[in-house]
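The structure under discussion appears below in the form of structure tokens.
Only heavy atoms go into these numbers, but all of them, side chains included; no hydrogens, no water, no symmetry mates.
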Amino acid sequence: MWLLLLPVFGNVYLFKDCYLSKPINSQRLRPTVHEIITSRIKAHAHFINSSRSGIDQVTRTGTTSLQFLKGQLESYQLSKQKRQHGMSLAGTLLAVSPVSPVMAPTGKSQVAAKELLDSILDCLVRIFGNHVVVGELIESKSSLQSDMKNLRPMSTDGNFDFEASQVIGRYSIGFSLTVLQSEIQQLICEILRATPEAASADAAVQTARLASMGPTKEKSDGSEDGLTFSFRFTDATSSGPNQGANLIRQGWSKKGSNVLQEGYGTAAVLPEQGIYLAASIYRPVHQFTDRIASMLPKRNSQLGNDGLLSFVETFVKDHLLPTMFVDYRKSVQQAISSPAAFRPRAHPNATYASSIEKGRPVLQGLVLAWAQAMPKFAAELMKHVQTFLERTFERCRTSYTEAVLEKQSYMVIGRHDIDKLMRRDPASACLPSAPVQLNVRNSSYESFSTDVESELSDLLLNLRPIKQENLIRDNNKLVLLASLSDSLEYVADSIERLVQVMPVSANQMENGMPSRTSSSPSQALTSFANEYRKLAIDCLKVLRVEMQLETIFHLQQMTHREYLENQDAEEPDDFVNLLAAQITRRDEEIAPFVAGAKRNYIFGGICSIAANASIKALVDIKSINLFGVQQICRNAIALEQSLAAIPSIDGEAIQQKLEHVRSYYELLNMKFEALLAFVTEHEHLFTLGEYINLLKVHIPGREIPPDALNQMKGILSH
């Protein structure tokens, strides 16, 4: 007497005293698997509820399990992936996404669905592994029948009453795998809210048909063990705003919603269900298929080549991808076609926030993370991305053109000489991926910077008189340019990050051969990133030049007038007050939409142009007295205070440049002899032309000798 215990699907075959205990009827195989899946889901739900009740303890101990995240996250949070340039890699989500945050690639539902399916598939793999072992033992007829001789005598015709084929007929590996895949497929369809339909009957009927068949030799192609599926939605529950009507696609209907008479209860553990969860299902099914294939005996190896994985891939290809394209195309089109899309939103805070959680202005990035979840379909997804990026870029360029059309700042940055100097300007170092052409040593950096600023300033001052109609008077357009620049730069950065993590399959041809030609997805996306970044830079350049031209427009009122005041200056000139107020107002409106470095670039060119314009204005001033000098000095102080109030600007540099203006005009209060002595000691403080202009302006009561210019030139020539 001996015992032989063989576990099969959680049950036990017991050989004892020449007796074979009655195995589970083949009709019970599917319900048993169904019950196992259901019990796993209930246990999962119980664990989540337990985690929810223990939130305080979990928080204190720092537990970060996926179950805890599933139960405790009250709002969508981005994955804590490694950050690059201060932004999360997972932050490449589409702000105009047709799916809700919990259904996004890194959303709670995606995480929960993957975790749930991983748990269930792991359990079923272990069960199937047990069955493979049992099947191998039973199908070894020679050794099994040898054992049976000791358990039961032969019949009168010399055959064993018990035949192995009677056992394996309804418990073949192919049949068992079919049942497993069929149940998993129904589970997946419940998660996706889609019902499976066989060509002629539902999966349960097929199982009964297979169970009633006598033992047959398994075909080499495994076709008898496979199930073919078609799909349809059971309801129109939306995973995103206003998407309900869109979920019923061509070829899908709400008919047959009662096909699954008994569900699995996945709604208890998933925040949302729907077609987009196919992204989180793909990898677990792929891994499940690989594990099953590794367990199969060689004679059954063909069974792992079809079935569940084919079902999921067909679903993704024929339904998820077309749905994604239609939904995202509609969302993108609505976002970029609406006038509100390019109207910067009001910010409750006065400071710029670059984090994705707090939101980026206007576009907020147009890069999909779905490709990482489904690498096999990365190429198709990249084509969608390219289509969206192209349409969005054209809309952004149109918006940019509308804001700057026929404006002088737009035409100025297109001039070759000015563009070349702006590229060399050290201030351009803050521009996205804009290398500054510095061919100077560190010791001469300050001198180089001053020379470039002076050249640029002279070119812009030569554009006088600046007409008001050639300036961008609408502050909303300026804010739009700032916001658009930030969004474009963010999209460019996101595209580059996507290219870096793009699955290899996205850069392969359909035949599997690598393709690194200019038309490959990575090359195309990189080209888009460059285009987005270039337009972002143009937006910033226009803003910088616009503020400089605005400064020239106001300060040009200093020319062709008399500064013959009769009392001390208590207030700056009206045009300076207007300029200062405009600088402050525009900075306040732009501040929430651009980072500090970009803010500095936009407003940082004002001081140099104001100082240069003020000094050069002297040659066009008809006459000036002591009080007039004080008035101009008061103007310089007002501008200094206005610019110094911008946090991102170097206040010390502003003070130095505008003090230079005050020092220059205060030289007009000196007598000629004292002026010559000053020039002798500070011949390099101002240029030759600037010193000579001090002698040309008319100052009531000042005596200038006839050879004053020659004396001045004589000193400076040495």
Begin from the C-alpha positions of Asp118 and Arg283 and carry the test salt bridge (Lys or Arg N to Asp or Glu O under 4.0 Å) through to its verdict. CA-CA 9 Å; Asp118 278 336; Arg283 283 186 184 273; over 6 Å; no

How many angstroms lie between atom [atom1] of [X] and atom [atom2] of [Y], to the nearest 0.5 angstrom?
X      : Y      : atom1 : atom2 : answer
His384 : Tyr328 : NE2   : OH    : 11.0 Å
Leu309 : Phe288 : CG    : CZ    : 10.5 Å
Leu116 : Ser280 : CG    : OG    : 9.5 Å
Met324 : Leu381 : CE    : CG    : 5.0 Å

Ring centre gap for Tyr532 and Tyr490 strictly below 6.0 Å: no

Nearest heavy-atom neighbours spanning [X] and [Y]:
X      : Y      : result
Arg30  : Ser182 : NH2-OG, 2.9 Å
Leu121 : Pro284 : CD1-O, 3.5 Å
Ala278 : Met374 : O-SD, 4.4 Å
Val111 : Thr106 : CG2-O, 4.1 Å

Look at the side chain of [X] and the backbone N and O of [Y], then say whether any donor-acceptor pair between them is shorter than 3.5 Å.
X      : Y      : result
Glu190 : Gly265 : yes
Thr392 : Phe388 : yes
Gln110 : Pro105 : no

Do [X] and [Y] come within less than 4.5 Å of each other through their side chains, counting heavy atoms only?
X      : Y      : value
His34  : Gln186 : no
Leu187 : Ile41  : yes
Ile127 : Val33  : no
Ile36  : Ile120 : no

Holding to salt bridge (charged side-chain N to carboxylate O under 4.0 Å, His left out), I want the full list of residues that pass it with [X], two or more places apart in sequence or in another chain.
X      : value
Asp122 : Arg126, Arg291
Glu313 : Lys376
Arg40  : none

When you look at Glu390 and Arg395, which way does the salt bridge (Lys or Arg N to Asp or Glu O under 4.0 Å) test go after all the steps? CA-CA 9 Å; Glu390 183 177 1; Arg395 181 64 182 90; over 6 Å; no

Under 3.5 Å, is there a donor on one side chain and an acceptor on the other for Thr266 and Gln273? yes

Does a side chain donor of either Glu183 or Tyr264 reach within less than 3.5 Å of an acceptor in the other side chain? yes

Does Arg533 pair with Glu496 as a salt bridge, N-O distance under 4.0 Å? yes

Only one of Ile275, Ile188, Leu321 passes side-chain contact (heavy atoms from CB on, under 4.5 Å) with Phe315, and that residue is Ile275

